Amino acid sequence: MKRVLGIETSCDETAAAVVHGRHVESDVVHSQVSLHAPYGGVVPELASRDHLRNIRPVIEAALSRANCTLDAIDGIAVTCRPGLSGALLVGMQAAQGLAWAAQKPIVGVDHLIGHLLAVFLEYDTPGTHEPAFPFIGLLASGGHSALYKVSGPLATDIEELGATRDDAAGEAFDKVAKLLGLGYPGGPIIDKLAAQGDPDRVTLSKPMAQKSELEFSFSGLKTNVLRWVTKHGRPGDDQTLRDLCASFQRRVVDSLLDKALIAARDEGIGRIVIAGGVAANRELRTRGAERAAAQGLEFIIPPFRACTDNAAMIAYAGAMRLERGEDDAGRLEMSPHTLLPTVTRKGSGRRRTTPSAQSPG
Ligand code: KG4
Ligand code: ZN
């Protein structure tokens, strides 16, 4: 069982964690939300500069909260893809410096694999339920929304079944919140407002309702909200705003769940795991559990803190490679693209050729 230092800087969170086996010994996340909030989205240049300012104190805090030194670590895992190039490089440089100085193995981790394995993390209560492979992974974050067949913890065990053709689910939450003047990031704000709204009072069309393919599309729904606002005016802080948020959220949640349930049925797999920032959404968690139970499926929900970006999931995913004696020292490469072959192309749906014939990402 390895003790791993994880480092994550792919987007707007500077994070470091120490994970021993499945157990999270420390989990430090410095969020840049307030830095990017005035712009309504992440500004890459500002992100890199802020990572540079915070990477050292965040790593030091992770080690000290775990009561541990670099010597007591068996290896280092760092996110090397996908993400903002300048942001990724900050974490990778720090990780490589530490690995070299302490003479420890280092492995690069695909951020999406980190999200998909976050459900294995064990926080304060040891002995929490550990899902079994294979499972259908429903990953919905700010940058990605896709369904995966996850047969094991390595990249070669993970197969994309379909993804979004346009916006990611979290991106849709963020864009709709922006057009409603609600602030950034939109997901948690809409989640709160929707809880007090009626999803049936404002009619919005269901995304890709007629399609049984394992793909998502959220940009039409966003345009639907925009049209509603153009016609009726932007609602103030009133019940109409809550109803509009509830209607939008219900459409996103049901679209994600519809396709996840189809994937489970098609693949003959009895369990669904949710992952990524949108997996923190309360309606997705409760409605998902109800709908899956109605079909006799297991629905596995990671703790809130494991859903949004963190370094514990990176440490755990890296441990799976370190356990096999792998070491990327001297050949760690950054990429803005995921390592996982993709079957859905943004803007144009399913690829006609086999995924292996495509360029990476
Ligand atoms: O996984 P994550 O932290 O970062 C990426 O890898 O993108 O996901 C961030 C996204 C944001 O778009 C945010 O609005 C969304 O997750 N999000 C939520 C909730 N909490 C975060 N969306 C819906 N409901 C939430 N409670
Ligand atoms: Zn993420």
Side-chain angles (χ1 to χ4, degrees), residues 11-12 33-44 84 138-147 162-211 213-260 276-284 287 308 344-349:
C11 191
D12 60 346
V33 160
S34 57
L35 182 70
H36 302 290
Y39 307 95
V42 179
V43 183
L84 303 169
L138 167 60
L139 170 55
S141 71
H144 298 86
S145 287
L147 283 161
T164 180
R165 293 184 174 188
D166 39 61
D167 292 348
E171 193 179 354
F173 272 98
D174 295 340
K175 286 179 175 171
V176 164
K178 191 174 179 180
L179 78 89
L180 293 174
L182 296 177
Y184 171 85
I189 303 170
I190 292 182
D191 187 345
K192 231 183 193 160
L193 290 166
Q196 300 153 22
D198 177 350
D200 300 317
R201 273 198 50 216
V202 174
T203 311
L204 299 171
S205 59
K206 206 170 168 185
M208 291 187 82
Q210 70 291 12
K211 300 259 171 47
E213 287 149 42
L214 296 178
E215 295 187 329
F216 305 109
S217 169
F218 296 110
S219 79
L221 177 62
K222 174 194 65 195
T223 310
N224 233 245
V225 177
L226 179 61
R227 279 210 204 97
W228 190 95
V229 169
T230 310
K231 192 168 164 199
H232 302 275
R234 197 156 97 179
D237 183 15
D238 55 17
Q239 192 54 38
T240 309
L241 175 67
R242 291 167 177 73
D243 293 340
L244 180 60
C245 287
S247 175
F248 164 76
Q249 180 173 286
R250 173 62 60 86
R251 302 296 171 273
V252 175
V253 163
D254 269 348
S255 171
L256 292 169
L257 292 173
D258 285 349
K259 301 300 169 85
V278 180
N281 184 270
R282 287 170 296 172
E283 188 175 3
L284 179 68
R287 201 167 164 80
T308 45
T344 297
R345 233 181 332 207
K346 276 211 168 178
S348 55

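Everything quoted here is computed from the prediction, not taken from an experiment.
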Exercise. Would you say the side chains of Ser219 and Asp167 form a donor-acceptor pair under 3.5 Å?
Worked result: no
For this session: Report the distance from atom CG of Leu226 to atom OG1 of Thr230, rounding to the nearest 0.5 Å.
Result: 4.5 Å
Exercise. Between Ser247 and Val202, what is the shortest heavy-atom contact and its length?
Worked result: OG-O, 2.8 Å
For this session: Assess the pair Phe248 and Phe173: is the distance between their ring centroids shorter than 6.0 Å?
Result: yes
Problem set entry | Considering all heavy atoms, the nearest Pro185-Val33 contact | CD-CG1, 3.7 Å
Exercise. Is there a donor-acceptor pair under 3.5 Å between the side chain of Asp191 and the backbone N or O of Arg282?
Worked result: yes
Exercise. Does the pair Ile189 and Leu180 meet the rule for a side-chain contact (heavy atoms from CB on, under 4.5 Å), with working shown?
Worked result: CA-CA 11 Å; Ile189 303 170; Leu180 293 174; over 6 Å; no
For this session: Enter the distance from Leu257:CG to Arg250:CZ here, rounded to the nearest 0.5 Å.
Result: 10.0 Å
Exercise. How far does OG1 of Thr240 sit from CG of Asp198, to the nearest 0.5 angstrom?
Worked result: 11.0 Å
Exercise. Any idea which heavy atoms bring Asp174 and Gly186 closest together, and the distance?
Worked result: OD1-N, 2.8 Å
Exercise. Would a distance-only check, ignoring hydrogens and angles, find a side-chain to backbone donor-acceptor pair under 3.5 Å from Lys259 to Glu215?
Worked result: yes
Exercise. Nearest 0.5 Å, what's the CG-CZ distance between Asn224 and Arg251?
Worked result: 9.0 Å
Problem set entry | Side chain proximity check, Pro235 to Asp243, heavy atoms < 4.5 angstrom | no
For this session: Looking only at non-hydrogen atoms, find the nearest pair between Gly143 and Ala168 and report the distance.
Result: C-CB, 3.7 Å
For this session: Before giving the answer on side-chain contact (heavy atoms from CB on, under 4.5 Å), spell out for Leu221 and Ser255 the whole-Å C-alpha distance, their side-chain angles and the decisive distance to 0.1 Å.
Result: CA-CA 11 Å; Leu221 177 62; Ser255 171; over 6 Å; no
Seminar exercise, completed: CG of Leu244 to CG of Leu204, rounded to nearest 0.5 Å, is 6.0 Å
Seminar exercise, completed: In terms of heavy-atom contacts, Gly197 and Gln239 come closest through CA-NE2, 3.8 Å
Problem set entry | Arg287 and Asp254: CA distance, side-chain angles, deciding distance, salt bridge (charged side-chain N to carboxylate O under 4.0 Å, His left out) verdict | CA-CA 8 Å; Arg287 201 167 164 80; Asp254 269 348; 2.8 Å; yes
Exercise. Val176 and Ile190: which non-hydrogen atoms are nearest, and at how many Å?
Worked result: CG1-CD1, 4.0 Å
Exercise. Can you tell me how far CG of Leu138 sits from OG of Ser145, rounded to the nearest 0.5 angstrom?
Worked result: 8.0 Å
Exercise. What do the steps show when you test Val252 against Phe216 for side-chain contact (heavy atoms from CB on, under 4.5 Å), and what is the final call?
Worked result: CA-CA 9 Å; Val252 175; Phe216 305 109; over 6 Å; no
